[in-house]
Each structure stands twice: as structure tokens, then as C-alpha cells.
Amino acid sequence: LGWGFAELVLTRLVFLWVGARGVEFDWKYIQKSFDANISLLHFISLAALVMMWSKRNVSHGAGVTGVLSLVLVLACYKGLLVSAAAQMLQLSSWAKLLQEAVMTLCLSLVSLQLYLGVTSLDKY
């Protein structure tokens with residue numbers, strides 16, 4: 001979460017603070033705001049995946065560990081995959097934002113399902 005906060009401050013907050021306070025309105029500031037929210041969801045799901053990876057148990061089985069590994073790799077390389085697909089499809093900035101939102105939402109829902117499945121098996 002510290003990594004996500006540092007990325008937010010250094011890449012988005014300064015840009016919005018300096019640019020959005022100007023006289024002219026531009027849609028790129030709205031896009032950057034949506035992108036910041038998508039990025040926040042991505043970092044929260046990535047933190048949950050790392051937490052599950054560090055607390056994985058032998059009793060969960062190889063299937064859960066395999067799915068967790070696959071989702072963790074996809075979450076780590078999401079930026080590269082989304083950028084490559086947007087470049088190949090020559091998407092506009094709004095379409096690229098929608099593509100990133102859909103990919104992040106899918107990874108987050110899978111992460112949530114994994115979290116619910118893994119934590120329900122844990123006994124106190």
C-alpha cells in the first residue's frame with residue numbers, strides 16, 4: 001500500500017493539483033482521476049494477493065496455490081498487458097481507460113473470491 005500511495009502522490013496528485021486548478025477545463029484531468037481510482041483498486045487487490053501468497057498453507061492444496069500464482073503474475077504484468085493490447089488495437093484514451101478498468105475489475109473479483117475461499121478454510 002505504501003508503493004501505491006507513493007505512485008499516487010508522485011504521478012497523479014501533483015499533475016491534478018497543478019493542472020486542474022487552471023482556468024481551462026480539460027477532460028484529461030477527469031481521465032487521470034478515474035485512472036487513479038482504478039490504480040487504487042489494483043494495488044489493494046495486489047496487496048491481498050501478496051498477503052494470501054505469504055500465508056498460504058499446505059491444507060489449501062496445489063490447485064489454490066496454482067490459481068493464486070497465476071492471478072498474482074497477471075496482476076503484476078497487468079500494466080504491460082493492457083498497454084500492449086491498447087497499442088495493438090490502437091485504442092483511444094477513453095477506450096484504454098475502459099480496458100484497464102475491466103481488467104482491474106476482473107482481477108479484483110478473482111482476488112476477492114480467492115481471499116474468501118482461502119480465509120474460510122482457516123481455523124482460529
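- Of all heavy-atom pairs spanning K96 and A86, the tightest one is CG-CB, 3.7 Å.
- F34 contributes atom CZ, which lies 8.0 Å from atom CH2 of W27 (distance to the nearest 0.5 angstrom).
- Of all heavy-atom pairs spanning L46 and C76, the tightest one is CD1-SG, 4.1 Å.
- Distance check: S111 OG to M52 CE gives 5.5 Å after rounding to the nearest 0.5 Å.
- Linking Ile, Leu, Val, Met, Phe, Trp and Tyr residues whenever their side-chain heavy atoms come within less than 4.5 Å leaves L112 and L41 in two separate clusters.
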The test is side-chain contact (heavy atoms from CB on, under 4.5 Å); show your working for S69 and V73 and say whether it passes.
CA-CA 6 Å; S69 302; V73 167; 5.5 Å; no
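- T104 pairs in a side chain to side chain donor-acceptor pair (under 3.5 Å) with only one of the listed residues (Q99, H42, K78), which is K78.
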Between W53 and T65, is a side-chain contact (heavy atoms from CB on, under 4.5 Å) present by the stated rule, with each step listed?
CA-CA 8 Å; W53 178 261; T65 305; 4.0 Å; yes
Let's go through L72 and Y77 carefully: what are the C-alpha distance in whole Å and the side-chain angles of both, what is the deciding distance for side-chain contact (heavy atoms from CB on, under 4.5 Å) to 0.1 Å, and is it a yes or a no?
CA-CA 9 Å; L72 192 57; Y77 288 108; over 6 Å; no
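- Side-chain contact between L105 and I38 is absent, with no heavy atoms from C-beta onward closer than 4.5 Å.
- Both I30 and L97 are assigned to one and the same hydrophobic cluster, defined by single-linkage of ILVMFWY side chains at heavy-atom distances under 4.5 Å.
- Heavy-atom contacts from other residues, nucleotides or ligands closer than 6.0 Å to CD of Q113 number 12 or fewer.
- Of all non-hydrogen atoms in A75 and L107, the two that sit nearest each other are CA-CD1, 3.8 Å.
- Tracing side-chain contacts under 4.5 Å through hydrophobic residues (I, L, V, M, F, W, Y), one never reaches M103 starting from L98; they form parts of separate clusters.
- At distances below 3.5 Å, not a single donor-acceptor pair connects side-chain atoms of S39 with backbone N or O atoms of D35.
- Here the closest non-hydrogen pair linking L91 and A95 is CB-CB, 4.0 Å.
- Residue V102 is not grouped with residue V82 when hydrophobic side chains (ILVMFWY) are merged at heavy-atom distances under 4.5 angstrom, including chains of intermediate members.
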